[in-house]
Amino acid sequence: MIDIGSLYAPLLIILGAVGQALLLLFVSGVIAALIGGLLTLADIAGGRLVLIPIGIYSWLAQTTPPLILLFLAFYGPSALGWFIRPMTAAIIAFAFFAAAYYYEIFRAAFNGVPRDQFEAALALGIPPHRFALRVVIPQMARIAAGPFIGRTTVLFKETSLASAISVGEIMNASSGFIYSGANPLTMIALAGMIYATINYSMLALESRLSARRGAAW
Amino acid sequence: MVTRAKPRQPVAALSPRLMVEMRGVSLIINGKAILNAVDLDVWAGQTVAIIGPSGSGKTTLLRTINHLARPSAGEIRLDGERIDPQAARLRAQRAGIGMVFQNFNLFRNMTALENVMFAPVATGRARVAEAETRARKLIARVGLSDKCGSYPSELSGGQQQRIAIARALAMEPKVMLFDEATSALDPEFAREVLDVMSDLSASGMTIVAVTHEMGFARKVADRIVFMEAGSILADGTPDDLFSEAAPLRVKRFLTS
């Protein structure tokens, strides 16, 4: 016999944990997308000198395990005597990590925009910023949408690592229940279902949006 | 045999006006001269066909006119005004030179109408409503009124190229440059595009067209320029170049 009243407190904890996980995903995702966008701009507009540091950064971020970045962001400042909240450290680590992937996605999307249009814009005397806003960015967005959402679902799964520095997200909450005697399989299955549902929603939203744009371009 | 064909337009004939003036235009890439000190004058209202074997520099010559290819040396004037490589000046001057490309180069995320309206609005030459009215007229002129709302991917090659011509005309250019505008098209679609080009020519537009269409060069052009190895080898009326008196090299090219 399950006592309904006794589920109330755990439910609040789970909802809070989902909130923390989404906050971590959203803030680090937005920062990463902004940095990724700026890196793409620097890559396109800048010379070869810019490409070297961007390349090194991108390589580092993509080859280092996210858990190491997470520990670095959390224990690094602590070792230097600065207190950093676990959530702040997690946001920094995931933004640093994801920005490199987003940059690669945006850069590939830029390369996918047919070049002949650039020549037409030059010949017509269209100012570069107008051309970028009205032609290049919409076409990049269309190319990047699928990989961007795909990468974001991976980022969301990776935010579960933040439990290692005690960010109160979904995995952290379910471990808490397990330590206090809940059935481990039930708790892990529950956490898994939450990740799956949220990621499925993101993927479904993306395919809905790209279907609505139609196949004309 | 450099003969300057008279412009056919009576108005232009009263006041012959140099629309494009190229002096000693050279382009050297990796020590190889793609263009070799080319001189070329195009008068207002003239239709000039540039022909010659592939690799002779025809397209490059055309592209130096609006500096899509930067000449290494020489001077180019558009309606008396020197093409200025400084970015903002160049952009303004390019806006006055219509260019039509082999592969149409339409903006893929824009409808036919938006493609034609975009440049006048983006360059601040027209307000949206005004640009739209003009765009619809130009699209009607190339016979595609029913395709205003279609995206490039929904149009045939010939239709795309006609929209590309309308897009260039929307900037009210002083000269239209055609870079092998029909080379990527099946003969039936090429015909539609050539018809539009002939109409433009007849309406008094100044045209420089790099072309493989000898029919167009012969019937529509006032003047044919034959290029080889980065130089102009012959420049004359179609009658001159298609005559027995034409240089041997030209005759060999035309009969090959």
Side-chain angles (χ1 to χ4, degrees), chain A residues 33 37 40-48 50 105-149 205-217, chain B residues 59 62-63 65-70 87-112 114-125 149-155 160 163-164 167-173 175-179 184:
Chain A
T40 309
L41 196 64
D43 176 322
I44 294 164
R48 282 192 195 135
V50 191
I105 288 169
F106 296 157
R107 175 71 231 193
F110 179 76
N111 288 341
V113 176
R115 281 294 171 277
D116 60 328
Q117 303 172 95
F118 289 68
E119 214 160 52
L122 278 182
L124 286 161
I126 294 169
H129 68 282
R130 302 295 294 264
F131 175 62
L133 286 175
R134 191 66 180 79
V135 179
V136 182
I137 292 173
Q139 292 187 33
M140 280 175 71
R142 166 153 247 190
I143 298 168
F148 180 83
I149 294 297
L205 184 72
E206 196 279 316
S207 61
R208 175 85 65 88
L209 285 177
S210 56
R212 209 177 59 178
R213 275 192 305 252
W217 67 272
Chain B
T59 288
L62 194 73
R63 290 165 61 87
I65 296 177
N66 62 358
H67 274 45
L68 282 185
R70 299 272 169 122
R89 288 289 309 133
L90 180 58
R91 207 180 303 138
Q93 289 180 314
R94 278 174 171 161
I97 305 174
M99 189 165 205
V100 176
F101 300 89
Q102 183 173 354
N103 296 308
F104 332 131
N105 303 20
L106 291 179
F107 304 125
R108 313 294 200 276
N109 59 326
M110 290 183 178
T111 62
E114 289 169 333
N115 261 283
V116 180
M117 286 171 62
F118 180 44
V121 174
T123 54
R125 298 188 164 210
S150 301
Y151 287 94
S153 63
E154 299 170 317
L155 299 173
Q160 288 189 56
I163 293 297
R167 177 177 68 175
L169 290 174
M171 295 298 281
E172 298 179 317
V175 55
M176 285 284 282
L177 310 177
F178 288 86
D179 184 12

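Naming: A, B, ... by sequence-line order, numbering from 1 per chain.
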When the 4.5 angstrom heavy-atom criterion is applied to Arg115(A) and chain B, the contacting part is neither
| Checking side chain to side chain contact (heavy atoms under 4.5 Å, CB included) for the pair Phe107(B)/Arg167(B): CA distance, chi angles, key distance, verdict? | CA-CA 10 Å; Phe107(B) 304 125; Arg167(B) 177 177 68 175; 3.5 Å; yes
Okay, Val121(B) and chain A: the region with an atom under 4.5 Å from a heavy atom over there is both
- Query: Does the pair Arg125(B)/Glu172(B) count as a salt bridge with the N-to-O cut at 4.0 Å?
  - Reply: no
Highest number of heavy-atom pairs under 4.5 Å with chain A among Arg94(B), Met110(B), Arg108(B), Glu154(B) belongs to Arg108(B)
Applying a strict 4.5 Å limit to non-hydrogen atoms, the region of Glu114(B) in contact with chain A is side chain
Output for pair (Phe110(A) CZ, Thr40(A) OG1), nearest 0.5 Å, gives 9.5 Å
So, the part of Leu106(B) with a heavy atom under 4.5 Å from chain A: the answer is backbone
For Asp116(A) and Asn103(B) the tightest heavy-atom approach is OD2-O, 3.9 Å
Okay, Leu68(B) and chain A: the region with an atom under 4.5 Å from a heavy atom over there is side chain
Tightest non-hydrogen contact, residues Val100(B) and Ala168(B), listed as CG2-CB, 4.4 Å
Bottom line for Ala122(B): the part with an atom under 4.5 Å from chain A's heavy atoms is both
So, the part of Asn109(B) with a heavy atom under 4.5 Å from chain A: the answer is both
How are the rings of Phe118(A) and Phe131(A) set relative to one another: parallel (under 30°), tilted (30 to 60°) or perpendicular (over 60°)?
-> perpendicular
